[in-house]
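So the structure is just underneath, and the comments pick up after that.
Here the structure is a predicted model, which is why all the values come from computation and not from measurement.
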Amino acid sequence: MKKRLLASLLAGVMVLGTLAGCGGGSQEETTASSETEETTESENSGSASSESSEGSDELGEVTLVIANRDEFLSEMESGAIAAAEQLGIKLTTVDAQNDQSKLLQFVETAKNDGQKVIVVNPVDAAADACQQIVDAAGDMKVVFVNRPPDDIFDANTVLNENVVYVGSDETTSGYYQGQYLADYFKEQGKTDIKYILIQGTLGQVSTTKRTESLLQAFEDNGINAEEATAPLVADWDRATAQDMVTPLLTTTEYDCIIGNCDALALGAVEAMKSQGLDPSSIPIVGIDATTDGRQAIHDGDMYMTVFQNAKGQGYGCLMAAANLVSGKAPNEGTEWDLDAEKHTVWIPFEPVTIDNVDEYDNYELNIG
């Protein structure tokens, strides 16, 4: 897999050499200063040819606005920076600090600077909030990344030929969790289970689809899954998840704990340890395959997670941005599929367990 992405990077460089420029929350502790802006500019040091440098000049500067620098989004930002260096694109990344008004200011600044395209990881993925971003962008092309507009599956979505989304199909992420747990409990001869579910932010596509697909997987695999308690809404925050789960651990009957992301699952791990309980005694599962999530699998604290390709999303959103400016398909120069009807480049989720976690550790170390 890592070889495929590296091949895509090289292919993107070759394509960019002859054209004007060729084309996701989970929330954990901040990993960089929220006030920091980072600019990455190609040094033309062999990764990109002089022709690709000329192409990037025609493309001009590209701004990536991220909602915040949590662990996953920081990895995505690193992927974008690495892709910019490879492709000869001048990239500026800015942190909106979970402030929609600040995000809109960054978009307007890019427009006033004459940029041709803007890449945005939304603070608020509601359709009207995403429309505000598109309106603020004016004549700029817009690439949403990681957090899709919540009307992405609607006929009248904000997405169109000039406004695209690069990310992963959330209808598959939770399904992998449910499928894994179904297989686990069937091996134990159990088809009736009770679960604790820790959710992200209510109303976000990621939260809704991850939960729906989880429950669908239980149903499809013959598992009668009941809530041990009402879903806990922890807004993608590890500490919040820990606080919410702690009082339930010794007062509620449950067979597994499911986080809409690794941060939430890790909050449950830390809650169990704080109560003197062994996290490996029950399945705890997450989504994202972050560095901490993968380590928890190595340690036996989490049973599985689902790889969301942070650096791939960073690479894919830059390719899409450059492709839009040059009039090409958003996914050109990548290995990923384009859903032309939804104006979306899908980067697949992949299940991660103790059996294959090493592959994703290596992937993480060798990309970017």
Side-chain angles (χ1 to χ4, degrees), residues 24-27 72 125-126 146-154 167-238 240-241 244-245 248-249 252-269 271-272 279 282-289 293 297 302-308 342 346 348-353:
S26 20
Q27 187 168 344
F72 180 86
N146 179 255
R147 295 177 182 172
D150 66 9
D151 65 353
I152 186 173
F153 297 107
D154 297 345
S168 302
D169 185 354
E170 299 290 1
T171 62
T172 63
S173 55
Y175 200 93
Y176 281 127
Q177 290 179 310
Q179 198 166 46
Y180 174 88
L181 291 170
D183 291 342
Y184 173 85
F185 287 116
K186 282 182 176 179
E187 288 179 1
Q188 295 188 338
K190 296 180 66 172
T191 56
D192 296 313
I193 67 167
K194 292 184 177 180
Y195 64 89
I196 293 176
L197 174 63
I198 314 173
Q199 293 184 306
T201 302
L202 287 184
Q204 285 189 357
V205 172
S206 298
T207 301
T208 301
K209 295 301 181 182
R210 290 181 183 190
T211 300
E212 289 178 351
S213 59
L214 163 75
L215 300 179
Q216 187 63 54
F218 282 145
E219 181 179 339
D220 291 349
N221 288 274
I223 297 296
N224 178 32
E226 296 183 0
E227 296 177 343
T229 183
L232 309 177
V233 181
D235 291 320
W236 309 115
D237 184 68
R238 187 191 300 197
T240 302
M244 297 183 80
V245 170
L248 302 174
L249 295 177
T252 304
E253 181 182 347
Y254 56 93
D255 297 295
C256 59
I257 300 177
I258 304 161
N260 273 166
C261 72
D262 284 352
L264 305 182
L266 291 167
V269 168
M272 292 193 74
I282 63 163
I284 300 176
V285 301
I287 294 173
D288 284 341
I297 291 178
M302 278 173 54
Y303 278 40
M304 70 89 66
T305 183
V306 183
F307 177 62
Q308 182 177 195
K342 293 183 173 62
W346 292 122
F349 282 104
E350 301 172 34
V352 180
T353 68

(request) Calculate, to the nearest 0.5 Å, the distance between atoms CG and OG1 belonging to Asp169 and Thr171 respectively. (result) 3.0 Å

(message) Using side chain to side chain donor-acceptor pair (under 3.5 Å), reason through Asn224 and Thr191 one step at a time and then give a plain yes or no.
(response) CA-CA 6 Å; Asn224 178 32; Thr191 56; over 6 Å; no

(request) Provide the closest heavy-atom pair for Ile198 versus Ala268 in the form atom of the first, atom of the second, distance. (result) CD1-CB, 4.0 Å

Donor-acceptor pairs under 3.5 angstrom involving side-chain atoms of residues 174-183: please list them, not counting sequence neighbours.
| from | atom 1 | to | atom 2 | distance (Å) |
| --- | --- | --- | --- | --- |
| Tyr175 | OH | Asp220 | OD2 | 2.8 |
| Gln177 | NE2 | Gly259 | O | 3.0 |
| Gln177 | NE2 | Gly286 | O | 3.1 |

(message) I need the minimum non-hydrogen distance between Ile196 and Ala228, along with the two atoms involved.
(response) CG1-CB, 4.0 Å

(request) Drop me the distance from Ile287's CD1 to Gln308's CD, to the nearest 0.5 angstrom. (result) 8.5 Å

(request) Could you please spell out the steps behind the side-chain contact (heavy atoms from CB on, under 4.5 Å) verdict for Met302 and Leu266? (result) CA-CA 8 Å; Met302 278 173 54; Leu266 291 167; 3.7 Å; yes

(request) Taking ring-ring contact (aromatic ring centres under 6.0 Å, His included) as the test, write out the residues that go with Tyr303, two or more places apart. (result) Tyr184

(message) When you compare the side chain of Lys186 with that of Ile223, does any pair of heavy atoms fall below 4.5 Å?
(response) yes

(request) State, to 0.1 Å, how close Ala265 and Val285 come at their nearest heavy-atom pair, and which atoms those are. (result) CB-O, 3.4 Å

(request) Considering non-hydrogen atoms only, spot the tightest contact between Met304 and Pro351 and give its length. (result) CE-CB, 4.2 Å

(message) Are Ile257 and Leu249 packed together at the side-chain level, in the sense that at least one heavy-atom pair is separated by less than 4.5 angstrom?
(response) yes

(message) Test of understanding: with side chain to side chain contact (heavy atoms under 4.5 Å, CB included), list the residues that count as partners of Asp154, not counting sequence neighbours.
(response) Asp151

(message) Keeping Thr208 on the side-chain end and Val205 on the backbone end, is there a donor-acceptor pair under 3.5 Å?
(response) no

(message) Using the salt bridge (charged side-chain N to carboxylate O under 4.0 Å, His left out) criterion, which residues pair with Glu212? Sequence neighbours excluded.
(response) Lys209

(message) Check this for me: Gln188, atom CD, are more than 12 non-hydrogen atoms of other residues, nucleotides or ligands nearer than 6.0 Å?
(response) yes

(request) Check for a donor-acceptor pair, side chain of Asp262 on one end and backbone N or O of Ala289 on the other, with a separation under 3.5 Å. (result) yes

(request) Provide the closest heavy-atom pair for Ile284 versus Pro279 in the form atom of the first, atom of the second, distance. (result) CD1-O, 4.0 Å

(request) Could you tell me whether the side chain of Pro283 reaches within less than 4.5 Å of the side chain of Phe185, counting heavy atoms only? (result) yes

(request) Looking only at non-hydrogen atoms, find the nearest pair between Ser173 and Arg210 and report the distance. (result) OG-CG, 3.2 Å

(request) Drop me the distance from Met244's CE to Leu264's CG, to the nearest 0.5 angstrom. (result) 10.0 Å

(message) Within the structure provided, determine whether Phe72 and Cys261 are in side-chain contact (heavy-atom separation under 4.5 Å).
(response) no

(request) For Asp255, check salt bridge (charged side-chain N to carboxylate O under 4.0 Å, His left out) against everything at least two apart and list the hits. (result) Lys190

(message) For Leu202, is there any backbone N or O sitting under 3.5 Å from a side-chain donor or acceptor partner on Thr207?
(response) no

(message) Once ring-ring contact (aromatic ring centres under 6.0 Å, His included) is applied, do any residues pair with Tyr254, and if so which ones, sequence neighbours excluded?
(response) none

(request) May I ask you to decide if Asp237's main-chain N or O and Asp235's side chain share a donor-acceptor pair within less than 3.5 Å? (result) no

(request) Would you please say whether a donor-acceptor pair under 3.5 Å links the side chains of Gln216 and Ser213? (result) no

